[in-house]
Amino acid sequence: MATAQPLAGKTAVVTGASSGIGREIARQLGLAGAHVTLAGRTRDAMDEVAREIEKAGGVARVVALDVRDVAQVRALVEGAVEATGRLDIMVNNAGVSFPSKIAEADPEEWRTMLETNVLALLAGSQAAIRAMRACKAHGHIVNISSIAAQRRDSGVYGATKHAVNCISATLRTELEDDTIRVVNVMPGAIATNFARNFDPAFLEGFAKMTGVQTEIRKGERLPDEVIAKLQPLLPQVLGNADDVARAVLFAVTQPIEVNILDIEIRPAKQLNLG
Ligand SMILES: NC(=O)c1ccc[n+]([C@@H]2O[C@H](COP(=O)([O-])OP(=O)(O)OC[C@H]3O[C@@H](n4cnc5c(N)ncnc54)[C@H](OP(=O)(O)O)[C@@H]3O)[C@@H](O)[C@H]2O)c1
């Protein structure tokens, strides 16, 4: 029988929990009863979700960190284990995209994508495996990839997500004899701050549609109001972070024998954001 708190007694860590898909996953895991550690760079946004979880009777911790630093990712997982004695769910979600052409890009953008989208996910997975084995968890590692991993010409960002698919599949094989399942999630275009490093003119067009007056600065987050108003205006091409979070919640509440490999989730029409 389904319970209202299917994740009661479980511990979860979510990276990139200060915005978009990660924030919504953290919220839903917390409301489903998990003790959640939210990790990201913008503390205020995470504090707000933590308060919402606690208001509903749950427990949440907030850790501000840079996932590009392997030591900080390890400390993040260790902190969750210290607080609760266990780890059951690790969501490696933090990610960035710089869409520049390879011939023109700043190599620092490649470094940022590789360190955030690949290195941090590897470090998070390794730390999670050790923690889950130590407490004999029926655990789930959830890696947020992208539909960009399905195109061969999806740029350096796409290359990082091809790497995520490969890492997820490899981990799944390595963990066959453990009680740890690996769920690889490939979202399509979802209304979040994902496009923060895109050409501001591209974003200005979208912001204008919402009627919200805001100045778009490359690399900076959009007001939540813009994102919330934009998605319902373009439901055919833009999905909700909530849709992805519900899929993740479904996967991590299955019995450990149920091996959900990949989840591809996107709006009806595909928009290739790269
Ligand atoms: N939205 C889409 O269309 C889409 C499609 C396919 C896949 N994805 C994937 O979904 C995941 C979440 O992206 P999103 O769409 O939710 O974008 P988002 O709104 O920009 O959220 C990205 C999250 O990652 C965090 N982050 C980035 N670099 C970090 C770092 N060095 N250290 C710590 N946290 C860091 C951000 O923190 P701050 O906001 O605090 O800086 C934010 O919480 C990413 O892996 C992305 O590649 C998104």
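Small disclaimer: the values here were computed from a predicted structure and weren't measured. One-based numbering along the sequence shown. Numbering of ligands and ligand atoms starts at 1, following listing order.
Side-chain atoms of S100 and E109 form a donor-acceptor pair, as typed in the model, at a separation below 3.5 Å. Checking T11 against R86 by side-chain atom types alone, no donor-acceptor pair falls below 3.5 Å. Side chains of N165 and S145: a donor-acceptor N/O pair is present below 3.5 angstrom, by distance only. The closest side-chain donor-acceptor pair between N92 and N143 falls under 3.5 angstrom.
The shortest N or O to N or O distance between V67 and ligand 1 is below 3.5 Å. Ligand 1 has a nitrogen or oxygen under 3.5 angstrom from a nitrogen or oxygen of T42. At least one N/O-N/O distance between I190 and ligand 1 falls below 3.5 Å. The shortest N/O to N/O separation between S19 and ligand 1 falls below 3.5 Å. At under 3.5 Å, a nitrogen or oxygen of G16, whether backbone or side chain, sits near a nitrogen or oxygen of ligand 1.
Atoms of ligand 1 lying under 4.0 Å from at least one heavy atom of R221, given by number and element, are 38 (P), 39 (O), 40 (O). Ligand 1 places these atoms under 4.0 Å from at least one heavy atom of T116: 28 (N). With ligand atoms numbered from 1 in the order given, ligand 1 contributes 16 (O), 19 (O) to contacts under 4.0 Å with heavy atoms of G20. Under a 4.0 Å criterion applied to the non-hydrogen atoms of R68, ligand 1 contributes the atoms 31 (N). For ligand 1 and D66, the ligand atoms under 4.0 Å from any heavy atom of the residue are 30 (C), 31 (N), 32 (N). Applying the 4.0 Å criterion to heavy atoms of I144 picks out, from ligand 1, the atoms 9 (C), 10 (O), 11 (C), 45 (O). Set against the non-hydrogen atoms of N193, the atoms of ligand 1 under 4.0 Å away are 18 (P), 19 (O), 20 (O). Of all atoms in ligand 1, numbered sequentially from 1 with element shown, those under 4.0 Å from a heavy atom of L65 are 32 (N), 33 (C).
Of the listed options G95, A191, A94, A45, G95 places a heavy atom closest to atom 22 (C) of ligand 1. Considering G40, S18, A17 only, the shortest heavy-atom separation from atom 36 (C) of ligand 1 involves S18. When V244, T192, I227, V14 are checked for heavy-atom proximity to atom 14 (P) of ligand 1, T192 turns out nearest. The heavy atom nearest to atom 4 (C) of ligand 1, out of those in S146, A189, G188, is found in G188. Between the choices N93, I265, T112, the shortest heavy-atom distance to atom 11 (C) of ligand 1 belongs to N93.
With a heavy-atom cut-off of 4.0 Å, R196 touches ligand 1 through its side chain alone. Residue E115 does not touch ligand 1, judged by heavy-atom distances below 4.0 Å. Contacts with ligand 1 closer than 4.0 Å are made by heavy atoms of both the backbone and the side chain of I21. The backbone of S145, and not its side chain, has at least one atom closer than 4.0 Å to an atom of ligand 1 (non-hydrogen atoms only; backbone = N, CA, C, O).
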task: Dump the intermediate steps for side chain to side chain contact (heavy atoms under 4.5 Å, CB included) on V36 and V59, then the final yes or no.
output: CA-CA 7 Å; V36 182; V59 191; over 6 Å; no

message: What verdict does the ring pair (Phe, Tyr, Trp, His ring centres under 6.0 Å) test give for F198 and F206, after you've listed the backbone C-alpha separation in whole Å, the side-chain angles of each residue and the deciding distance to 0.1 Å?
response: CA-CA 12 Å; F198 290 29; F206 284 117; 9.8 Å; no

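Here L31 contributes atom CG and Q5 contributes atom CD; the two are 8.5 Å apart, rounded to the nearest 0.5 Å. One distance of note links CZ of R41 with CZ of R221; it measures 9.0 Å at 0.5 Å rounding. The line from CG of N259 to CD of E176 is 8.5 Å long, rounded to the nearest 0.5 Å. Atom CZ of residue F98 and atom NZ of residue K218 lie 8.5 Å apart, to the nearest 0.5 angstrom. Rounding to the nearest 0.5 Å gives a distance of 10.0 Å between CG of L171 and CD of Q126. Within the model, atoms CZ of R68 and CE of M113 stand 12.5 Å from one another, a figure rounded to the nearest 0.5 Å.
For the pair A148 and ligand 1, no heavy-atom separation below 4.0 Å is found. Assignment of M186 to the shell around ligand 1 is not supported, since no heavy atom sits closer than 4.0 Å.
Both F250 and I21 belong to a common hydrophobic cluster when Ile, Leu, Val, Met, Phe, Trp and Tyr are linked at side-chain heavy-atom distances under 4.5 angstrom.
Ionic pairing of R217 and E215 is present here: one or more N-O contacts between side-chain nitrogen and carboxylate oxygen are shorter than 4.0 angstrom.
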